[in-house]
Amino acid sequence: MGRRNNRFRKNHHFNHGKKGEDSNKQTHVDTRKPYNDIIRENEKFCQYYKRVGVCKENEFDQFISCLKTDLPATFRITGSKGVANKLLGIVEEQLIKDCVNQVDGTEQPSIFPIPWYPNKLAWQMELTRKDIRRCEAYYKLHNFLISETENGTISRQETVSMIPPLVLDVQPHHKVLDMCAAPGSKTAQLLELLHANEDPIPSGYVIANDIDNKRCYMLVHQAKRLNSPCVAVINHDSAILPNLNTTAADGSVEQVQFDRILCDVPCSGDGTLRKNPDIWMKWTAANGLNLHGVQTRILRRGVELLNVGGKLVYSTCSINPIENESVIHRLLAEHEGVLELVDVSEVLPGLKYSPGMEDWLVSSRNLEFYETFEDVDEKWKTTIRPQMFPPKAEDREKFKLNRCIRILPHQQNTGAFFVAVLRKLKPLTAKDKSTVREQDDQDFQESKKRENEDNLPHNQRKKRKKDVYKEDPFVFFNDDEPVWNDIKSFYQVSDKFDSKCLLTRCHVGKKKNIYLTSDAVRNLVISNQGIVKFINTGIKAFVRCDNKNMKCAFRIANDGLESIYPYIGDDRKVYIPKDDLITLLMNDTPQKSPPIADLSEQIRNQVENLSPGSCVLIYKEETKDNEDPLVIHISGWRGTTSLRCYMDRHNTVHLLRLLGGDISKYDVNKFKKPGEEDTVNGNEDENVVSTTEIVQ
Ligand SMILES: C[S@@+](CC[C@H](N)C(=O)[O-])C[C@H]1O[C@@H](n2cnc3c(N)ncnc32)[C@H](O)[C@@H]1O
């Protein structure tokens, strides 16, 4: 299987999380109204942004009207190059024809590749998620989106949210920190970039952090879809994230400085009004003022943790300059000569955006606007801070805030977004750090107090700490791990494979699942266990199966297969032709696995002398024009007389789709009762499973 098209695993913690990227914002207002009942008006919002001048005057009405409409649906194709190419072909040749052009009598909505996203791998539709879910004409599109998302081969990510990882320029050897990572759509993208070379185990890694313990499990779920041994999820306040260490072979300890940092900070979220219309009801100018402090502290810690020469992306889904350029300007001014804004105008050709603002007014919570701190009314001087103001006109050229990127909704029918790319030019001095800290402590206390007053409903205060899950330990193998010898000899694992990167999640008892991390992640976990809270790391590589016919107690798991595949000996590898693979995939009853005698001669010859047990099935499809071939690796089982593969339903549908097999029994029209469906399709199969049901 491709690295990113492996098994989706349910995590029971996942449902505890809140929904959406901006759900970390709280409010007094009861926002539980159905979205249709929400009146998309807020006089103060319009007044504020008109006065602050976020867009040209002649565009303002268009800007507001667009914010009042629902967001178009978008998705990104992920997966290894071969899988992504094949899926792209299916989108272009089948999906558009079958799914979108089906509406009779109405204008056909378009579906098109997002022009600035590389290799046509991101698509936008003239349809909202609700349209797709509710309209029968799009049921195949809906089924496709659900099953491929569950499988991990597409990501239903908002257009603008795809930008930060792209401009961060992540390479497979980079040490990457995602400071505010949950629910994890950008972490997933960072991981894809880390694996772009399709190395089985890249030397770089992604540390994904979030302050919210429950949201960390959403992150675990996202990361798991990608089957990477190079990611660890941690749970900390990123404004005070401790220094992380690594330990060298001689035992010396070194502090980690990251090559790339994503700082996708908590924000007022007013850029997501199209997706979250409840924000129309709760927006006030106080939100931005209150968040500026925490945003600054997170960014500042990011700058401290960044390697010299490294890049950091600061992003928000807010339109407000107080949460955006003001934070960037503050950091640039605090550390003059240490940071520069990177010009990314050429990185995403075709992206429409406005340059960062170089001048803005600062407003009190009740919309009194000020040009300078000196003008601010005494009563606001704890809420409005001097550092929130723009640079003086003569300093603008020094800061180059126009290099920030502001995406407004009407520019290309998206949400609103802010992105800034910073490069660190030299280390911070000790003086830099201490002056800033003293000055900031006072602001911090004030803003904490205000956040409580303004944002948190009484019943939510101090609630957070309680339901924190206790993690199982991360127990790495030693050189003399007893179960390893059997596994190594059964699968003829090469000596190049470092078994010390395998781990279990228990100290005692029978080992059930064996997970794999990269060497670098192992080092981080071992060196920092007492320093930060690790929530999850490692992909499932081997699973105990205790089958009496197999000489080894562990079978290979699909999740870790891409990472261990190159180290496995040839004897347990079986090359499978397309028709045989389709036969195996079409069989959904393990007790009736296809008899080897019924498979092709090619398979019969290969498995004749293969002892029963776990094996790797390999399918390779050459492509025209020397494109990346489609290569699929699957965990298989050679029974005494039969052959089967380990697959969940999403994998099965995905692979059958790629191979051109029959998925009609899964591709159910949920708008028709089962009886009607049979009549329409002439399909009498009793085992019809709707793809929507599979999700539950
Ligand atoms: C805008 S969301 C991040 C979205 C995420 N990057 C993505 O693409 O899916 C902001 C996140 O910051 C987290 N957060 C808020 N304050 C934080 C802090 N001090 N340290 C770390 N995370 C924080 C919230 O829990 C929330 O998950």
Side-chain angles (χ1 to χ4, degrees), residues 14 16-26 74 76 155-168 176-193 206-223 225-226 231 233-242 260-272 275-276 279 287 290-302 305 312-320 323-324 327 415-419 440 444 447-448 451 455-456 460 463-465 468 532-533 535:
F14 180 58
H16 297 291
K18 298 175 210 157
K19 274 191 180 169
E21 290 198 356
D22 59 326
S23 47
N24 53 320
K25 295 121 214 163
Q26 292 99 355
T74 45
R76 233 162 28 77
S155 271
R156 298 175 79 181
Q157 188 177 1
E158 267 186 64
T159 309
V160 287
S161 147
M162 301 173 192
I163 297 170
L166 287 182
V167 292
L168 192 55
V176 185
L177 172 65
D178 190 350
M179 297 186 89
C180 305
S185 53
K186 297 183 196 74
T187 311
Q189 227 181 321
L190 296 172
L191 280 169
E192 287 165 33
L193 294 165
V206 176
I207 301 297
N209 174 66
D210 204 276
I211 195 170
D212 186 321
N213 183 262
K214 287 181 190 164
R215 286 170 70 85
C216 280
Y217 292 94
M218 300 164 102
L219 204 46
V220 171
H221 164 66
Q222 275 290 344
R225 291 164 73 233
L226 301 187
V231 57
V233 173
I234 61 172
N235 178 207
H236 224 278
D237 179 348
S238 56
I240 49 167
L241 190 67
R260 295 289 183 266
I261 296 184
L262 177 59
C263 227
D264 189 37
V265 293
C267 68
S268 60
D270 55 15
T272 68
K275 190 175 92 179
N276 302 304
I279 297 177
N287 298 349
N290 290 341
L291 285 157
H292 173 95
V294 71
Q295 292 163 337
T296 306
R297 284 191 301 283
I298 293 174
L299 175 57
R300 187 181 290 130
R301 186 62 187 136
L305 292 169
L312 179 153
V313 165
Y314 175 88
S315 56
T316 73
C317 46
S318 161
I319 308 164
N320 197 340
E323 301 177 59
N324 295 326
V327 175
F417 211 70
F418 175 87
V419 190
D440 206 45
F444 176 59
S447 83
K448 256 289 177 262
E451 271 171 42
N455 293 336
L456 287 179
Q460 285 190 17
K463 205 173 142 194
R464 247 185 194 161
K465 282 247 148 66
V468 171
V532 285
K533 184 175 165 63
I535 299 291

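One-based numbering, in listed order, for ligands and for the atoms of each. What you see is a predicted model, and the numbers here were worked out from it, not measured in a lab.
Looking only at side-chain heavy atoms (C-beta outward), Val206 and Thr187 come within less than 4.5 Å of each other. Contact annotation: the side chain of Ser318 never approaches that of Phe418 to less than 4.5 Å [non-hydrogen atoms, C-beta and beyond]. Taking 4.5 Å as the limit, some side-chain heavy atom of Ile234 sits within range of a side-chain heavy atom of Leu241. The side-chain heavy atoms of Ser155 and Ser185, taken from C-beta on, include no pair separated by under 4.5 Å. For the pair Leu166/Gln189, a side-chain contact is recorded, criterion being any heavy-atom separation below 4.5 Å from C-beta on. No side-chain heavy atom of Cys317 sits under 4.5 Å from any side-chain heavy atom of Val160. Contact annotation: the side chain of Leu305 never approaches that of Leu312 to less than 4.5 Å [non-hydrogen atoms, C-beta and beyond]. Residues His292 and Val327 form a side-chain contact, since some pair of their non-hydrogen atoms from C-beta on lies under 4.5 Å apart.
Taking all heavy atoms of Pro164, Ala188, Pro165, Ala182 into account, the minimum distance to atom 5 (C) of ligand 1 is reached by Ala182.
Proximity to Ser238 (heavy-atom distance under 4.0 Å) selects the following atoms of ligand 1: 18 (C), 19 (N), 20 (N), 21 (C). Per-residue contacts place Ile298 under 4.0 angstrom from the following atoms of ligand 1 (heavy atoms of the residue considered): 18 (C), 19 (N). For ligand 1, the atoms sitting less than 4.0 Å from at least one non-hydrogen atom of Asp212 are 25 (O), numbered in the order shown with element in parentheses. Residue Ser185 has at least one heavy-atom neighbour below 4.0 Å for each of these atoms of ligand 1: 7 (C), 8 (O), 9 (O). Atoms of ligand 1 found under 4.0 Å from any heavy atom of Gly184, numbered from 1 in the order shown, are 7 (C), 9 (O). Within ligand 1, counting atoms from 1 as listed, the ones closer than 4.0 Å to a heavy atom of Met179 are 21 (C), 22 (N). In the vicinity of His236, heavy-atom distances shorter than 4.0 Å reach the ligand 1 atoms 20 (N), 21 (C). Remark: ligand 1 atoms within the under-4.0 Å shell around heavy atoms of Asp237 are 18 (C), 19 (N), 20 (N).
In terms of polar-atom proximity, defined here as any N/O pair under 3.5 Å, Asp264 does make such a contact with ligand 1. Of the polar atoms of Ala239, none of the N or O atoms is found under 3.5 Å from an N or O of ligand 1, judged by distance alone. Every N/O-N/O distance between Ser161 and ligand 1 stays at or above 3.5 Å. For Asn209, no nitrogen or oxygen atom sits less than 3.5 Å from a nitrogen or oxygen atom of ligand 1, counting backbone and side chain alike. Backbone and side-chain nitrogen or oxygen atoms of Val294 are examined, and none is located within less than 3.5 angstrom of a nitrogen or oxygen of ligand 1. By the 3.5 Å distance cut-off applied to N or O atoms, Val265 is not counted among the residues near ligand 1.
Residue-level proximity to ligand 1 for Ala181 is carried by the backbone, the only part with a heavy atom below 4.0 angstrom. When heavy-atom distances to ligand 1 are checked against a 4.0 Å cut-off, Arg215 comes that close only through its side chain, counted from C-beta outward. The proximity of Asp178 to ligand 1, defined as any non-hydrogen pair under 4.0 Å, does not occur for either the backbone or the side chain.
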Yes or no on side-chain hydrogen bond (donor to acceptor under 3.5 Å, both in side chains) for Glu323 and Ser268, after CA distance, side-chain angles and deciding distance? CA-CA 8 Å; Glu323 301 177 59; Ser268 60; 2.6 Å; yes
Using side chain to side chain contact (heavy atoms under 4.5 Å, CB included), reason through Arg301 and Ile298 one step at a time and then give a plain yes or no. CA-CA 5 Å; Arg301 186 62 187 136; Ile298 293 174; 5.9 Å; no
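Just one residue in the list Ile207, Leu190, Leu262 forms a side-chain contact (heavy atoms from CB on, under 4.5 Å) with Leu177, and that residue is Ile207.
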